[in-house]
Amino acid sequence: SSRVCMRWRFFEPNDLNWILRTTRDMFNESEWKDELEYNTEKVTNYFFSALSNPNLFGIIGMDKEKKPIGFLTGMIMEYTFSSSTYAREMDLYVIPSKRGGVTGVQLMKKFIDWSKSKGAKEIYFEPSRGVKKDFDAMGKRLNMDNISTVYRRKL
C-alpha cells in the first residue's frame, strides 16, 4: 500500500504573493468578510516575522507538482504561570479543491513535530465554527482531546 505523503516546506520569501492571495481567499470565506477589512500590510509583516522569528511556524503544503495547496501558521508561547511553553495553531487553510483529503492532517502533524522539537508541553488548535465538524474528525485522527468549547460574543 502506498502511503500518502504530502510535500511541504517552510515559508520562503518568494511565497509572499501566494500567501497574500490565499489569505485573502481565506478571509473572503470567513464570517468577517463583510465587517472587517483585509490588511495586506499586516499579513506581509506577519509572513516576514514567521520567516525570522524562531517561535513562529509557517509551512506550505504542496501537491505532486509542487504547487501550493495549503498552509499552516502557529507559534510557541509561554504559560502565564510558568516558563514552560505550549504551541498554538494560528491559521490552517487548504484550498477548496484539495479539501477532504489528508492535507490538513499532514500540515498539523508537521506542526506537532515542530512543537515537540521546540519543547512545547502541549498543543492547541482552535477551529472556526465553519470547519469545526471537519476538525473533529482530524482531531480524532491526531489523538487530540476536545477539552473545551469557546464561547464568544461579537461586539
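These numbers come from a predicted model, not from an experiment.
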Looking only at heavy atoms, what is the nearest atom pair of Ala120 and Ile76, with distance? CB-CD1, 4.1 Å
Assess whether atom NZ of Lys116 is packed by more than 12 heavy atoms of other residues, nucleotides or ligands within 6.0 Å. no
Restricting to non-hydrogen atoms, name the atom on Lys118 and the atom on Pro54 that form the minimum distance, rounded to 0.1 Å. NZ-O, 2.9 Å
Is there side-chain contact between Phe27 and Leu36, with at least one heavy-atom pair below 4.5 Å? yes
What one should report as the nearest heavy-atom pair of Ser84 and Ser82 is N-OG, 3.0 Å
Do Met75 and Asn55 pass the side-chain contact (heavy atoms from CB on, under 4.5 Å) test, and can you show the C-alpha distance, the side-chain angles, and the key distance before you say yes or no? CA-CA 6 Å; Met75 63 189 335; Asn55 288 325; 5.7 Å; no
Exactly one of Leu107, Leu92, Asp91 clears side-chain contact (heavy atoms from CB on, under 4.5 Å) with Thr73, and that residue is Asp91
Rounded to the nearest 0.5 Å, what's the gap from CZ on Phe48 to CG on Asn53? Could you check? 14.5 Å
Please report the interatomic distance OG(Ser115) to CE(Met108), rounded to the nearest 0.5 Å. 11.5 Å
Tell me the salt bridge (Lys or Arg N to Asp or Glu O under 4.0 Å) pairs involving residues 12-27, sequence neighbours left out? Arg9-Glu12, Arg9-Asp15
Residue pairs involving residues 59-88 (criterion salt bridge (Lys or Arg N to Asp or Glu O under 4.0 Å); sequence neighbours excluded): Arg88-Glu126
What one should report as the nearest heavy-atom pair of Pro96 and Glu29 is CG-OE2, 3.7 Å
Between Tyr46 and Ile19, is any pair of side-chain heavy atoms under 4.5 Å apart? no
Looking at Gly119 and Thr85, what are the two nearest heavy atoms and their distance? O-OG1, 3.7 Å
Sole candidate of Tyr38, Tyr93, Trp18 that passes side-chain hydrogen bond (donor to acceptor under 3.5 Å, both in side chains) when paired with Thr23: Tyr38
Under the side-chain contact (heavy atoms from CB on, under 4.5 Å) rule, what do Phe71 and Met26 come out as? Steps first, then yes or no, please. CA-CA 11 Å; Phe71 74 93; Met26 182 180 184; 3.8 Å; yes
State whether the side chain of Lys110 and the backbone N or O of Gly61 hold a donor-acceptor pair below 3.5 Å, judged by distance alone. no
With rounding to the nearest 0.5 angstrom, report the OG1 to CD distance, Thr44 to Glu41. 7.5 Å
Phe57: ring-ring contact (aromatic ring centres under 6.0 Å, His included) partners, not counting sequence neighbours: Phe10, Phe111, Trp114
Non-hydrogen atoms of Glu89 and Phe125 that approach each other most closely: CB-CD2, 3.1 Å
